[in-house]
Number of protein chains: 2
Amino acid sequence: MSLPDSQQASNTADEGITRALARYLVTSRPGDLPENVRAHGICSFVNWLGCAVGGSRHPAVDIAYAALSPFAGAEQAALLGRNTRTDIITAALLNGIASHVFDFDDTHLKTVIHPAGPVASAIMALSEFRGISGADFIHALVLGIETECRIGNAVYPDHYDIGWHITGTAGVFGAAAAVGKLLALDEQQMVWALGLAASQPVGLREMFGTMTKSFHPGRAAQNGLTAALLAAKGYTSSEQGIEAKRGWANVTSTHRNLAEITGGLGERHESLLNTFKPFACGIVIHPVIDGCIQLRSEYALQADEIDGIELRVHPLVLELTGKRTPKTGLDGKFSVYHSAAVAVIQGRAGEAQYSDASVRDEHTIGLRDRVNAVIDPSLDSDAAHIVIRLHNGQRLEKHVDHAIGSAAKPMTRQDLNTKFTDLVAPILGQDRTAILLRACWDVESCRNMAELSAMTQEGGR
Amino acid sequence: MSLPDSQQASNTADEGITRALARYLVTSRPGDLPENVRAHGICSFVNWLGCAVGGSRHPAVDIAYAALSPFAGAEQAALLGRNTRTDIITAALLNGIASHVFDFDDTHLKTVIHPAGPVASAIMALSEFRGISGADFIHALVLGIETECRIGNAVYPDHYDIGWHITGTAGVFGAAAAVGKLLALDEQQMVWALGLAASQPVGLREMFGTMTKSFHPGRAAQNGLTAALLAAKGYTSSEQGIEAKRGWANVTSTHRNLAEITGGLGERHESLLNTFKPFACGIVIHPVIDGCIQLRSEYALQADEIDGIELRVHPLVLELTGKRTPKTGLDGKFSVYHSAAVAVIQGRAGEAQYSDASVRDEHTIGLRDRVNAVIDPSLDSDAAHIVIRLHNGQRLEKHVDHAIGSAAKPMTRQDLNTKFTDLVAPILGQDRTAILLRACWDVESCRNMAELSAMTQEGGR
């Protein structure tokens, strides 16, 4: 947020940012995206769909559906993973909530935006309704992610420090851009869509820990979708929604660097920096879990041969996830002790390992109580050092420099498959999950996205 | 917007503001409101309904309906003044746009909030759907206006100076409070509804001059309605959505005085300060129009006997409304010259006097070109001095201390009737307009608001 006479606001270089972005979006063709950018977009899609189906039975989704379905329209789009269809605007909200409710979706680490939720939730519903192809879908998804991450870069960290949940506030632009692309908006319409998006930021960090957090990407999807639908019919808005003196960037952030939005558009691909969480908990514990799983595999460890586990961790780990005796599954996500225990016992840390039953399991509690952690300020945030002492006197050691899932050591396709299966199989069963997963990787050859979304529903395939 | 360590944010007196407001809202009974507060609420309703019906055929409403109706739900609520019904969430948006699109709706002058749009648009739709009585409707309307104006007071002027369109950002709370009241939320649910509202501010001032400006109160109505519907089913949110360190007030304003929200709740009634515009243009020209109409009436003036009109005005008048040769009706709203001319010739300055035809009328242009204005910094913003020189040498003079419609000289019931009729009769005809107007004044004896909203539609009565 600036004073009216802010230098930034009057910087002539910022003039036309919204229009330049709009021009890029409307002129981009699928073939303009390099192969690796499209491939990474497919990874974002696979990861998002797994999270959305996995979260589809969460109480937050049940409640939102019960509250809003009496006012919903025709059966135009699937509630992914549920045996229900609704209008595309309502579907965008509910699928957006589902995809974020486990806090297991993707992360653009530079801005902590979870990019896919707002964008994919909006365009999945639209694509099903309009019979859009998978190739066009992935193209729009990549453009949407590119848009929101670049706008996020322009205002991060000040915008986030003030208290905005940047996934919702920047996400609106991503959704508007992607929907606008699929609606084939012209440049003027896209400018208006971005202006309408600018007027609808969603999300305060104060809401973290409540259902309203996952409401944010869902509502951002709806707002962006609505913005593009209105603009397509000629609903007018500002020409400088992002950069104007009283536009989005100046109003919602103390500092901004708007060159981040348009610099090297089409050449530098911010969407490539999207990452995927291997574990269903805060990212700071990931190095510990990674190391524990590696030691378990290498030594075929059993919990009852372990005398104790000693962790050296980045200071943030104990600040954010130092709960010694978690009471609920959600608590477990904030316990490095529980996380290390399930990693050693089960070799994974997915949503199932953060159930209420899991944190109350006697065997897990027994090992958890033998985990100790000390901070080591010399460690990077994606590093950890693990020592496991066995009853037989053996001492097993693992140093993790970069946890799996970090930018330096991204999830492999096999890792994404395992995560997807863990999330989706409890909903659809193993067989249908495997078929859906293959179809997701093959999305660019899908002629009509309605076929793919039907596969997430009972009776769909 | 504050730094994280803001003194204000850590002020313990602010703790519990959201809950204290929620408690007031859920415990208030219609009989708790003094008679004059209820009566003023009815004035707000009459003024809002006239604006909503009057604006119902504007292109902004046509476009929004065309864009969104393919996704809308069942026919639950009227699009006021149109022969169409839709689901209540869509109706809230479209009626909200219609009610603001002429910039002719109500004004809380302390904050420049237009209070009725977000609140009445939300509860009119809900009340029709649920068969709510007029007495309960007016009670909820007053509580909603009270809520948004108090929250506005807490952050004005900084919040507005930054660039937020306060009608949309504070209006969400008003809509959530009023809908929550009609849904009979308990205290905890109302806290959540306010939290969900806090996460959905709408509207940047950058959008002024485009259709997105009138989108703001409509979307605020939808956001507040959605917030209350979700909370009613148990969708959780923050307990301190307004006052928390990263809550709404700290995130969206540099300074705030949260005591404005709860101080004297139920005793001091901010809703009494709501005012109604007599003229369909920026409020700064109102003293000139008022004085011209008075001189016209007192002397039965004819344009062709006038040699010239000399105005002394507050400096803002020429800064904001100094257009000498307006080209369109909208331009005319920013021309003190056109406004003075139509006031003398027609004795009014309603929407009809700001049509394209009106600004191009030869007779009007002839007089407009004989109007001159000079600024006088000693004048208050609701004052003006008018001198009309006649060809016969006579010099007519009028000093306006407080324009009609200002807090010091409010519109009379007769003034509101004239305004309502001017707005509504072109849509519904004189006879149905007169019947509707009587029903509006008698709203507290209406058993079911569906009867009243049906009267705004063809075939309704």
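In what follows, chains carry the letters A, B, and so on, assigned in the order in which the sequence lines appear, proteins first and then strands, with residues in each chain numbered from 1.
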Let me check something: any side-chain donor-acceptor pairs from residues 195-208 of chain B under 3.5 Å, sequence neighbours excluded? List them with distances.
from     : atom 1 : to       : atom 2 : distance (Å)
B/Ser199 : OG     : A/Leu204 : N      : 3.0
B/Ser199 : OG     : A/His216 : NE2    : 2.7
B/Gln200 : OE1    : A/Arg219 : NE     : 2.9
B/Gln200 : OE1    : A/Arg219 : NH2    : 3.4
B/Gln200 : NE2    : B/Leu196 : O      : 3.0
B/Arg205 : NH1    : B/Tyr160 : O      : 2.8
B/Glu206 : OE2    : A/Ser238 : OG     : 2.6

Turns out that what part of A/Ser69 lies under 4.5 Å from chain B's heavy atoms comes down to neither
Derivation and outcome, side-chain contact (heavy atoms from CB on, under 4.5 Å), residues B/Thr236 and A/Thr212: CA-CA 6 Å; B/Thr236 66; A/Thr212 301; 5.8 Å; no
When the 4.5 angstrom heavy-atom criterion is applied to B/Ala72 and chain A, the contacting part is backbone
Locate the shortest heavy-atom distance separating B/Tyr235 from A/Ala64; write the atom from each residue and the value. CE1-CB, 4.1 Å
Starting at CD1 of B/Ile63, measure out to CG of A/Leu229 and round the result to the nearest 0.5 Å. 13.5 Å
Which portion of A/Pro70 sits near chain B, non-hydrogen atoms under 4.5 angstrom: backbone
Please list, chain by chain and in numerical order, all residues satisfying ring pair (Phe, Tyr, Trp, His ring centres under 6.0 Å) with B/Phe173, sequence neighbours excluded. B/Trp248
Structural part of A/Asn223 lying under 4.5 Å from a heavy atom of chain B: both
Could you tell me the separation between the CZ atom of A/Phe71 and the OG1 atom of B/Thr86, rounded to the nearest 0.5 Å? 12.0 Å
What parts of residues 183-194 of chain B touch chain A if we use heavy atoms and a cut-off under 4.5 Å? none
Side chain, backbone, both or neither: which part of A/Ile97 has a non-hydrogen atom closer than 4.5 Å to chain B? side chain
Would you please test A/Trp164 and B/Thr252 for side-chain contact (heavy atoms from CB on, under 4.5 Å) and show each step? CA-CA 9 Å; A/Trp164 291 108; B/Thr252 68; 4.1 Å; yes
Rounded to the nearest 0.5 Å, what separation is found between the OG1 atom of B/Thr90 and the CG atom of A/Asp87? 8.0 Å
Identify which part of A/Leu68 has an atom lying under 4.5 Å from any heavy atom of chain B, answering side chain, backbone, both or neither. side chain
At a 4.5 Å cut-off on heavy atoms, which part of B/Leu225 comes close to chain A: side chain, backbone, both, or neither? neither
Residues two or more places apart in sequence or in another chain: which of them pass side-chain hydrogen bond (donor to acceptor under 3.5 Å, both in side chains) with A/Thr226? none
Under 4.5 Å from any heavy atom of chain B - which part of A/Ala74: backbone
